[in-house]
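There's a structure below that I have some questions on.
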Amino acid sequence: EMDDGLEEAFSRLAESRTNP
Amino acid sequence: GGVGMPTGSYVAPKTVWLAAMKAKGLEISGTFARRGGIIQMDLSLTNKAMSVMTDFAIQFNRNSFGLSPAGPLQVLTPLSPNQTIDVSLPLSMSGPIMKMEPLNNLQVAVKNNIDVFYFSCQYPLSLLFVEDGKMERQVFLATWKDIPNDNEAQFQIKDIHLNSDVASNKLQGSNIFTIAKRTVEGQDMLYQSVKLTNGIWVLAEMRIQTGNPNHTLSIKCRAPEVSQFVFQCYELVLKS
């Protein structure tokens with residue numbers, strides 16, 4: 001579950017960088 | 001390298017560091033290599049004088065990362081006129097430190113039986129990229145957030161025709177590690193980390209768009225003066 005959280009966090013980071 | 005070659009970081013071709021006309025006939029060309037954590041200065045010494053050269057020794061001036069010879073310069077036989085010998089000098093990072101301009105500049109003194117000669121050369125920062133530079137994913141996310149935006153530098157890596165997996169593998173050979181990859185709106189975003197021998201961490205985001213040979217590299221580091229030198233290494237490795 002913790003790893004799922006990390007996966008999600010990287011997705012959010014990539015999203016935020018593409019659409020700031 | 002081909003099949004069976006030891007793997008290691010990118011090694012640039014040797015270039016002439018000391019011209020014979022400036023050193024009473026001694027020509028020195030060289031490059032730097034990191035192989036499995038061992039750092040070396042690879043030198044070719046050529047005698048372009050009329051007499052034999054002996055009694056070689058080498059010394060470094062203090063430099064930004066404490067690079068210093070880990071042993072003597074091993075030239076075991078006299079160097080005859082027109083003879084070239086290749087020597088590998090093992091290096092350590094435990095020498096005295098003084099910030100150089102540019103940061104990766106190294107001032108070297110070489111002596112032989114004729115005189116002492118001085119030259120400067122620059123090492124690729126990848127010489128200092130350690131093998132355990134893969135940051136924990138959680139630590140990466142926290143550190144990326146923690147480093148202020150003012151410390152972020154952006155660069156264009158132009159004319160690279162590699163997809164993100166090939167680029168990632170190539171970079172890993174020089175201890176630039178991919179921690180995560182995401183695809184957003186047709187762009188692959190690679191999150192990467194690098195650790196220098198002095199413990200400085202460098203975090204990077206590389207954007208690769210399908211069909212676009214120009215990649216965007218964003219670098220975040222608490223010591224932002226190293227960023228442009230890390231960018232240089234990306235270019236060298238990806239274009240090699």
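Within every chain, numbering begins at 1; the chains are lettered A, B, ... in the order of the sequence lines, protein sequences first and strands thereafter. Treat the numbers as computed from the prediction; the structure is a model and nothing was measured.
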Between atom OG1 of T18(A) and atom CZ of R182(B), what is the distance when rounded to the nearest 0.5 Å?
12.0 Å
Which one, K181(B), Q187(B), R207(B), K145(B), leads in non-hydrogen pairs under 4.5 Å with chain A?
R207(B)
CD/E136(B): more than 12 non-hydrogen atoms of other groups inside 6.0 Å:
no
State whether the number of non-hydrogen atoms from other residues, nucleotides or ligands found under 6.0 Å of K99(B) atom NZ is greater than 12.
no
Around atom CD1 of I97(B), are there more than 12 heavy atoms of other residues, nucleotides or ligands at under 6.0 Å?
yes
Over 12 foreign heavy atoms within 6.0 Å of CD, Q154(B):
yes
Enter the distance from M189(B):CE to L13(A):CG here, rounded to the nearest 0.5 Å.
7.0 Å
With a 4.5 Å limit on heavy-atom distance, are the side chains of V184(B) and R17(A) in contact?
no
Are R137(B) and E7(A) packed together at the side-chain level, in the sense that at least one heavy-atom pair is separated by less than 4.5 angstrom?
yes
